[in-house]
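First the proteins, then the strands, lettered A, B, ... as listed; each starts at 1.
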Amino acid sequence: MSDAQKNPQNAPKKKNDNLSLPLRAEDFSGWYNDLVKRAKLADNSDVRGSMVIRPNGYAIWENMQKVLDGMFKDTGHQNAYFPVLIPESYLAKEKKHVADFAPQVAVVTHAGGKALPEGERYVIRPTSETIINRSFTNWVQSYRDLPILINQWANVIRWEMRPRLFLRTTEFLWQEGHTCHATEAEATEETLRMLDVYERFAEDYMAMPVIKGQKTESEKFPGAVNTYSIEAMMQDKKALQAGTSHMLGQNFAKMFDTMYQSKEGQKEYVWQTSWGVSTRLIGALIMTHSDDQGLIVPPKLAPMQCVIVIIGKTPEERGAVRAKAQALAADLKKAGIRVLVDDDETKGPGFKYAEYELRGACVRVDLGPKDLEKNQAMLKRRDVAEKETLGLDAVVARVGELLEVMQKDLFNKAKTFRDTHTFEVNTVEELKAKADDGFLLMHWDGTPETEKRIKDEFGVTTRNRPFDLKQEPGKCVLTGNPSTGRIVFAKAY
RNA sequence: CGGGGCGUAGCGCAGUCUGGUAGCGCGUCUGCCUUGGGCGCAGAAGGUCGUCGGUUCGAAUCCGGCCGCCCCGACCA
């Protein structure tokens, strides 16, 4: 008698069979964690809160970088690189900056085999405003030197209390833009321009609808005059801040004496901006589109846009199919489609179907002996259940079409989801009832005290004041005091 | 740091209540077989049961300390 018979509970159960993911509806964070690991996007490492980004995950990041970098260059920015270590004293110059960042900063206290004296320590950059400003001060003399438009691709470290793969890791990869301008108006224009770039990237490439708007006083970046963000809704109806753009005013310029001589011969402080998105976007991508079968990546960013699965048993069959598949792959590649041919004979087709669904291949092409006979192939889009069969000559064009339609459909699906989970909320009762249901458009009296009370009592925080939400006066949901317009509240990552 | 859960084979877990010297599924390896939705059969390798100490003839199991991980909150991109 086997042990499985003696102990029925030893028989494989649905949840621990190593095959299926936890269901989104039952265990969203379990689903997310499992998906990240099973799709081989990233692993937890032995370093607290730091992850190993695996090739499948890094490929998505590379595609994001490629697109974003192009957008930055198109708007006149250049890449540069600044030190990972920042003198501790720099960070301390901007009061609000240091006060807010200090708790999350890792400090280098020993180097060269001995303790560094107080005052000569370094912090590992949590963000680079300070050290970049040090350079800006050297670079700027005249109004003719402006604007300075710099971007840096880098890693930063923030000692977060509760890390989560991609969403909040101790070390993460990002880009940070830093610019200097002669006037306040130019800096504001730049801040909003880059917010638009982020919106376009999120919506056109990630297929993720976002709300563009202004952050409240208490949610502002430490040291900024104004912070703007794009906010997205994940499938668990929680909000995720997907990108931020800051109008820094002259705060850092004053601390670092970043000045220029104007046409009129006056010494003036520069006006500055900074803006960034991070590997968090990969988490956003996953939580926006993926399903219980695994990863779904919008085609424009997908490392695997198309996979051709070869079917056949005899060497003759396989040989013929392989030749066709390779020719097809070459044509697809010529059409600009990222394609992979799977000719692994050790795994059955069923296994492969499940595997490519888990790993997020956008379109699957099945090619077997039966297809060759009829000169056809079978196509399957990752995000819909239907399969279709069509003539081999039409495959390249059709795959291209499917990728385009899929890109649009993913966006529309996500937008419909967000819109059906966005509500106007006017009373405390409604607030209580809908706190977990998505984005709440509420009147708020504008005070940090009320903001905090709402957060403490209902768990929702201000996300941003949307640009395209008409601001009409009303009464604060909590206090009844006057409000200038509705603002988005939600539970947030 | 507060609340909850968990550390047993590469992965997912059972066994702990009731102490007797470790098991299931998946994966891996070998051979045969199979390939249109997670193939099948046969065989094999693989674990000082997180760690330290205590109780006991005997500890994965009971008791105590420590370490680590995950989830929910506070911090945050």
Any N or O donor-acceptor pair linking the side chain of Arg158(A) to the base of C76(B) at under 3.5 Å?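 By the distance-only test, no, there is no pair.
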Below 3.5 Å is the cut-off: list the nitrogen or oxygen pairs between protein and nucleotides 6-11 of chain B, distance only.
from: C11(B); atom 1: O2; to: Asn18(A); atom 2: ND2; distance (Å): 2.7

Partner nucleotide, any strand, of [N] [Watson-Crick/G-U, under 3.5 Å]:
N: G2(B); result: C72(B)
N: G40(B); result: C32(B)
N: C62(B); result: G54(B)

Taking atom [atom1] in both [N] and [M], compute the distance separating them and give it to the nearest angstrom.
N: G53(B); M: A59(B); atom1: C1'; result: 13 Å
N: C62(B); M: C49(B); atom1: P; result: 15 Å
N: G36(B); M: G25(B); atom1: P; result: 24 Å
N: G64(B); M: G23(B); atom1: P; result: 29 Å
N: G65(B); M: G12(B); atom1: P; result: 28 Å
N: G54(B); M: A45(B); atom1: P; result: 35 Å

Table of protein N/O atoms under 3.5 Å from nucleotides 38-45 of chain B N/O atoms:
from: G38(B); atom 1: O4'; to: Gly350(A); atom 2: O; distance (Å): 3.4
from: G38(B); atom 1: O4'; to: Phe351(A); atom 2: N; distance (Å): 3.4
from: G38(B); atom 1: O6; to: Leu19(A); atom 2: O; distance (Å): 3.1
from: G38(B); atom 1: N2; to: Glu355(A); atom 2: OE1; distance (Å): 3.1
from: C39(B); atom 1: OP2; to: Phe351(A); atom 2: N; distance (Å): 3.3

Distances for protein N/O vs nucleotides 68-71 of chain B N/O pairs under 3.5 angstrom?
from: C71(B); atom 1: OP1; to: Asn33(A); atom 2: ND2; distance (Å): 2.8
from: C71(B); atom 1: O3'; to: Ser29(A); atom 2: OG; distance (Å): 3.3

Using atom names, set out every protein N or O paired with an N or O of nucleotides 3-5 of chain B below 3.5 Å, distance rounded to 0.1 Å.
none

All salt bridge (Lys or Arg N to Asp or Glu O under 4.0 Å) counterparts of Lys37(A), not counting sequence neighbours: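 Checked Lys37(A) against salt bridge (Lys or Arg N to Asp or Glu O under 4.0 Å); zero matches.
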Output all residues satisfying salt bridge (Lys or Arg N to Asp or Glu O under 4.0 Å) with Glu199(A), sequence neighbours left out; order by chain, then residue number.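 Once residues adjacent in sequence are excluded, the partners of Glu199(A) under the salt bridge (Lys or Arg N to Asp or Glu O under 4.0 Å) criterion are Lys212(A).
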